[in-house]
Amino acid sequence: MKVLIVGGGGREHALAWKLAQENAITKIFTAPGNGGTSKLGENVPLSTDDIEGLSEFAYDQWIDLTIVGPEAPLTKGIVDLFNEKGLKIFGPDKAAAQIEGSKSFSKNLMKKYNIPTADFKEFTDPDEAKEFINRIGAPVVVKADGLAAGKGVIISRVIKEANDAIDRIMIKKEFGDAGDRVVIEEFLTGEEASFLAFTDGETVIPMASSQDHKPIYNNDEGPNTGGMGAYSPAPVVTDEIFDKIMNEVMIPTVNGMKAEGAPYTGVLYAGLMIKEGEPKVLEFNARFGDPEAQPLLQRLKSDLSPVLLATINGNLKGMTLEWDDRPSVCVVMASGGYPEKYKIGKEIFGIDMANEMKDVVVFHAGTSYIGKHLNTSGGRVLGVTAMGADLKDAIDRVYEAVHKIDFYEAHYRTDIGAKGLKYV
Ligand code: AMP
Ligand code: GLY
């Protein structure tokens, strides 16, 4: 089977790494890919937004299966386009991808189907939004309705900040059309977790739990990023909470999407806030998480390609996934300055030494080869990922691997996984 992976981050390298180990896979293309994926197959110089170009490539190359990493091509309708051409592709279609592409859509879906989430109201008029904020007070969360590369959520501790957020989103249009509408919601406290599942629109097969670390600095300080590290499983998700998430969130959401005439197939990812044993949904994503995919795929013992195909073909019923019992921890090494301005083109040293360690995989994100030299080419550069006998051991081992790697102004958090230690 020839596969095409759309994307160029750590998630896509992890997908390629997993698929490369499977007998059914004969060739892996990644578009645009990175230094890591270039060693597992062929990188294709097409952008993830060029859905026409990607579909032509898949058609010309007789690609058997395309897997979409990021959200933007999904909300643009890459799945609809591939389906029109009779090409197999993994991910939700445009209508179903709204669950990530529109906060208003997902909040209203949750309200209608009683899926636990923060109370909210939506506005298209900035004055009415501000009046509402002044009435309910701070802390409060302001969200641009559309996709804003993870930056459209503004948590405001004081009313002035929330009103400024309305100006930025709705008047200055910092996120373009994504800010035509805002969702204003209750500020939730608790511990966050990520819950991903495969679904063919009927059956929901959960993955192991995981937890992201969004802020740039230790102790969750500083601005949010795409994610500075993740680990799996997340002990905050006890067996009881796991079942609750399946019964109160994942299954009702998949059923609700079907009832709305937008049946969902692919990976459904719920970002959750958990407090006193009760999960509430912060957001849905229409794809694998990044970095969550890195520790999850390291732990997945079952082959991935049969699950992807069963999801597309509506055959998930009865399928089970086997996981390595050992925890996996992924530490993101980023370019200095990320998530703001950063430099690229800096040589990376020591990856081979880290990869020599048993049960350590260095996933590439923003890297590219210039001749034999591996250079940085993005904000998040590497996802160093390690399994260990227990969480403490996995953390020790991943940082041992991180310490073998170096590039100019490399920045990483030193507390990835620490939140999980309080449970053991
Ligand atoms: P989202 O893109 O909606 O997941 O929001 C990004 C991040 O903002 C989440 O991972 C949370 O850390 C935070 N966040 C979003 N909504 C809320 C909320 N209602 N209360 C507290 N924090 C939130
Ligand atoms: N790790 C957060 C995300 O993939 O959206």
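Every number for a ligand or one of its atoms is a count from 1 in the order of the listing.
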- Task: Run the contact test for R287 against ligand 2 with a 4.0 Å cut-off on heavy atoms, strictly below, and give the result.
- Result: yes
- CD (E240) with more than 12 external heavy atoms under 6.0 Å: no
- Note on the structure: Within 4.0 Å of some non-hydrogen atom of I155, the atoms of ligand 1 are 8 (O), 13 (C), 14 (N), 22 (N), 23 (C)
- Nearest heavy atom to atom 12 (O) of ligand 1, choosing from K214, E192, E100, belongs to E192
- Message: salt bridge (charged side-chain N to carboxylate O under 4.0 Å, His left out), that's the test. Do D164 and K160 meet it? Break it down for me.
- Response: CA-CA 6 Å; D164 290 347; K160 182 176 177 315; 2.8 Å; yes
- Task: Show which atoms of ligand 1 fall inside a sub-4.0 Å distance from at least one heavy-atom site of V153.
- Result: 1 (P), 2 (O), 3 (O), 5 (O), 8 (O), 15 (C)
- Task: Verify the ring-centre separation between Y412 and H213: is it less than 6.0 angstrom?
- Result: no
- Item | Contacting atoms of ligand 1, where contact means under 4.0 angstrom from a heavy atom of K103 | 1 (P), 2 (O), 3 (O)
- Could you check atom 20 (N) of ligand 1 against the protein and tell me its nearest heavy-atom contact, residue, atom and distance included? L188 N, 2.7 Å
- Item | Atoms of ligand 1, numbered as shown, that sit under 4.0 Å from any heavy atom of E185 | 16 (N), 17 (C), 18 (C), 19 (N)
- Is the shortest distance from a heavy atom of T189 to ligand 1 less than 4.0 Å? no
- Query: Considering distance alone, does some N or O of M273 sit under 3.5 Å from an N or O of ligand 1?
  - Reply: no
- Message: I need the atoms of ligand 2 closer than 4.0 Å to a non-hydrogen atom of N285, numbered in the order shown.
- Response: 5 (O)
- Got the closest protein heavy atom to atom 17 (C) of ligand 1, with its distance? L282 CD2, 3.4 Å
- Lys/Arg N to Asp/Glu carboxylate O, E283 vs K214, below 4.0 Å: yes
- Message: Out of all atoms in ligand 1, which are within 4.0 Å of some heavy atom of F187? Include the element for each.
- Response: 20 (N), 21 (C)
- Centre of Y338's six-membered ring, under 6.0 Å away, within 45 degrees of the axis: is that where NZ or CZ of K343 sits? no
- Message: Tell me whether K346 is salt-bridged to D406, with the criterion being a basic N under 4.0 Å from an acidic carboxylate O.
- Response: no
- Item | Carboxylate-amine/guanidinium proximity below 4.0 Å for K244 and E278 | yes
- Message: Looking only at the side chains, is there a donor atom on one of E292 and Y269 sitting less than 3.5 Å from an acceptor on the other?
- Response: yes
- Message: Within the 4.0 Å heavy-atom shell around N224, which atoms of ligand 1 are there?
- Response: 7 (C)
- Task: Check each atom of ligand 2 against the heavy atoms of D212 and keep those under 4.0 Å away; list them by number with element.
- Result: 1 (N), 2 (C)
- So, does G289 sit close enough to ligand 2 that a heavy atom of it is under 4.0 Å from the ligand? yes
- Query: Does V141 approach ligand 1 within less than 4.0 angstrom via side chain, backbone, both or neither, non-hydrogen atoms only?
  - Reply: side chain
- Query: Is the shortest N/O to N/O distance between E292 and ligand 2 below 3.5 Å?
  - Reply: yes
- Note on the structure: Taking only non-hydrogen atoms of G226 and a 4.0 Å limit, the atoms of ligand 2 in range are 1 (N), 2 (C)
- Query: Do K419 and E191 sit within salt-bridge range, that is, some charged N less than 4.0 Å from a carboxylate O?
  - Reply: no
- Message: Less than 4.0 Å is my threshold; does some heavy atom of S194 fall inside it relative to ligand 2?
- Response: no
- Check: S305/E22 side-chain N/O donor and acceptor closer than 3.5 Å: yes
- Query: Is the number of heavy atoms from other residues, nucleotides or ligands within 6.0 Å of NZ (K358) greater than 12?
  - Reply: no
- Item | Protein residue, atom and distance nearest to atom 2 (O) of ligand 1, heavy-atom basis | E283 OE1, 3.0 Å
- Message: Could you tell me, atom by atom, which parts of ligand 1 come under 4.0 Å of a heavy atom of K143?
- Response: 3 (O), 15 (C), 16 (N)
- Any side-chain donor near an acceptor of the partner, N34 and S368, under 3.5 Å: no
- Message: Just checking Y217: does its OH atom have more than 12 heavy atoms from other residues, nucleotides or ligands closer to it than 6.0 angstrom?
- Response: no
- Under a heavy-atom criterion of less than 4.0 Å, does A230 contact ligand 2? no
